[in-house]
Amino acid sequence: MNLRKRVAVQITPTAPFNFDATAYKPSHFPSSDNSWTKGTYWFTLNFQNRIYGIRLENRGEIETPRVLLTIYCDRPIEGDKIAEIIREVKWRFDMEADISGFYDTLRSDRLLEPILHRWKGMRVSCQYSLYELIIITIVLQNATVRRSVQMTEALLRRYGTSVRFDQKELNAFWRPDSLTGTSEDDLRELKVGYRAKSIKRISDAFARLCIDESKLRPLPTTEAKSELMKLYGIGPASVGILLFEALHRYDAFDHISPWEQKIYSHLLFNSDLVSPSQILEEVDRRWGSWKMLAAHYIFEDLFWRNKNRKVQWLEGLIKL
DNA sequence: CATCAGGGCCCTG
DNA sequence: CAGGGCCCTGAT
């Protein structure tokens with residue numbers, strides 16, 4: 001699919017805004033629906049039954065942010081569509097957030113202080129819709145990163161749409177109702193294993209509008225959480241990711257997986273292994289309602305440093 | 001070659 | 001509430 005029509009709009013996020021740290025997350029596994037180089041981020045957007053290519057370009061500075069948004073489509077883009085896409089993109093990259101309280105409150109935390117400085121203006125962000133992020137959390141379950149990548153790409157190749165725009169070739173996610181005629185066995189052929197059941201049942205739930213992202217966004221966290229947990233295959237680990245990344249709940253931190261436990265044990269206690277409950281108590285005490293955003297800063301900083309030059313103690317804790 | 005765990009979750013007893 | 005089973009893969 002060739003997306004030849006385009007419209008460009010300028011966006012002004014709230015300051016401080018760190019473009020690259022917001023668009024590109026080194027802790028996330030790579031996938032063919034997005035691409036990043038310093039100052040530019042491309043991704044596909046399956047939105048309101050239409051497929052778009054999006055390019056974001058940094059046209060400002062951290063304290064005077066400006067982003068040029070270019071929308072690509074295979075047909076002319078109407079004005080009301082443009083407005084809705086702008087609103088959606090602003091939301092997904094948390095561009096209108098005010099996190100000054102985060103910096104003010106946690107400035108004096110010894111572990112965070114240098115990190116807040118290095119990554120000032122980084123926001124939680126997720127280029128995906130809620131449904132798409134759910135698929136990501138499903139393929140993360142009980143799998144190494146390499147296998148998660150394999151499953152994602154297999155699904156995108158089979159059910160997604162390949163689009164070309166701005167000399168990029170990326171895959172767009174399918175819509176939930178695209179899997180209506182698909183069986184679990186069809187999905188299993190893509191080597192997703194027992195996750196086929198979750199993918200099928202969750203896609204059906206979204207297709208039947210049993211769950212609606214726009215209704216979930218304004219809900220109190222506890223309610224949003226219980227709605228999401230009703231989905232087959234979504235448990236405590238996945239819901240944490242969803243609440244933070246898709247719904248921007250900065251305090252969504254009440255579950256720790258074994259690999260994260262090792263990292264927090266090292267960072268917070270300088271120890272090999274501290275119990276999850278002790279870690280949860282400590283992050284709540286130190287970072288309060290900002291605890292997941294704080295953890296996000298720490299993880300992205302860690303992964304970024306590890307990408308450039310291997311962090312010794314991290315070796316062996318994360319399997320790729 | 002076999003065995004096992006890996007960025008969980010569901011179900012059972 | 002603890003623990004077994006689940007798909008598949010690469011590591012050992």
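Chain A is the first sequence line, chain B the second, and so forth, proteins listed ahead of strands; every chain is numbered from 1.
Counting only N and O atoms by type, the side chains of A:Ser31 and A:Glu153 include no donor and acceptor under 3.5 Å apart. A donor-acceptor contact under 3.5 angstrom links the side chains of A:Asn171 and A:Ser32, judged on distance only.
The distance from atom CG of A:Leu190 to atom C1' of C:dC8 is 13 Å, rounded to the nearest whole Å. As a whole-Å value, the separation of A:Leu302 CG from B:dG7 P is 15 Å. When rounded to the nearest whole Å, the span between CG of A:Asn142 and P of C:dC7 equals 12 Å. The interatomic distance linking A:Met151 (CE) with B:dG8 (C1') rounds to 12 Å, in whole Å. In this structure, A:Tyr194 places its OH atom 13 Å from P of C:dT9, rounding to the nearest Å. Note: CZ (A:Arg201) to P (B:dG8) measures 21 Å, nearest angstrom. Rounded to whole angstrom, the span from the NZ atom of A:Lys200 across to the C1' atom of C:dC7 amounts to 19 Å. When rounded to the nearest whole Å, the span between CD1 of A:Ile134 and P of B:dG7 equals 22 Å.
On a pure distance criterion of 3.5 Å, a polar donor-acceptor pair joins the side chain of A:Arg147 and the base of C:dC7.
One finds no side-chain N or O of A:Arg146 lying less than 4.0 angstrom from the OP1 or OP2 phosphate oxygen of C:dT9. Neither OP1 nor OP2 of B:dC10 sits under 4.0 Å from any side-chain N or O of A:Gln141.
Taking only side-chain atoms of A:Trp259, from C-beta outward, the nucleotide of B:dG7, B:dG8, C:dT9 with the closest atom is B:dG7. Comparing B:dG7, C:dT9, C:dC7 against the side chain of A:Gln150 picks out C:dT9 as the nearest. Of the candidate nucleotides B:dC10, C:dC6, B:dG6, B:dG6 has the atom nearest to the side chain of A:Thr144. Listed nucleotides B:dC9, B:dC10, B:dG6 differ in distance to A:Ala237; the shortest reach to its side chain belongs to B:dC9.
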For DNA chain B, what dot-bracket results from Watson-Crick or G-U pairs at under 3.5 Å, with [ ] for crossers and | for inter-strand partners? .|||||.||||||

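Residue contacts for A:Ser238: at a heavy-atom cut-off of 4.0 Å it reaches the sugar-phosphate backbone alone, with no base atom in range. Within the 4.0 angstrom heavy-atom criterion, no nucleotide atom of any strand lies near A:Glu260. Within 4.0 Å of A:Ile234, counting heavy atoms only, lie sugar-phosphate atoms of the nucleic acid but no base atom. Here A:Leu231 lies in heavy-atom contact (under 4.0 Å) with sugar-phosphate atoms only. Here A:Arg195 lies in heavy-atom contact (under 4.0 Å) with a base. If you check every strand for non-hydrogen atoms under 4.0 Å, A:Phe29 touches nothing.
Figure legend: A:Arg249 and A:Phe244 shown without cation-pi pairing, the cationic atom not lying both under 6.0 angstrom from the six-membered ring centre and within 45 degrees of its axis.
Taking OH of A:Tyr72 as the reference point, atom CZ of A:Arg6 lies at 4.5 Å (rounded to 0.5 Å). Note: A:Thr161 OG1 to A:Trp174 CH2 = 10.5 Å, rounded to the nearest 0.5 Å.
Taking a 6.0 Å sphere around CG of A:Asp272, one finds it holds 12 or fewer heavy atoms contributed by other residues, nucleotides or ligands.
If A:Tyr232 and A:Ala143 are placed on DNA chain B by their nearest nucleotide, the residue sitting closer to the 5' end is A:Ala143. For the pair A:Met229 and A:His28, nearest-nucleotide mapping onto DNA chain B gives the more 5' position to A:His28.
Using the six-membered ring where Trp is involved, A:Tyr250 and A:Trp290 have ring planes that are parallel, under 30° apart on the 30 and 60° scheme. Ring geometry for A:Tyr103 versus A:Tyr297: interplanar angle over 60°, hence perpendicular rather than tilted (30 to 60°). Between A:Tyr24 and A:Trp36, the ring planes lie parallel to each other; the angle is under 30°, not in the 30° to 60° tilted range.
Nucleotides C:dT9 and B:dC10, compared at atom C1', are 23 Å apart to the nearest Å. Taking atom C1' on both nucleotides, B:dG7 is separated from C:dC1 by 24 Å, rounded to a whole Å.
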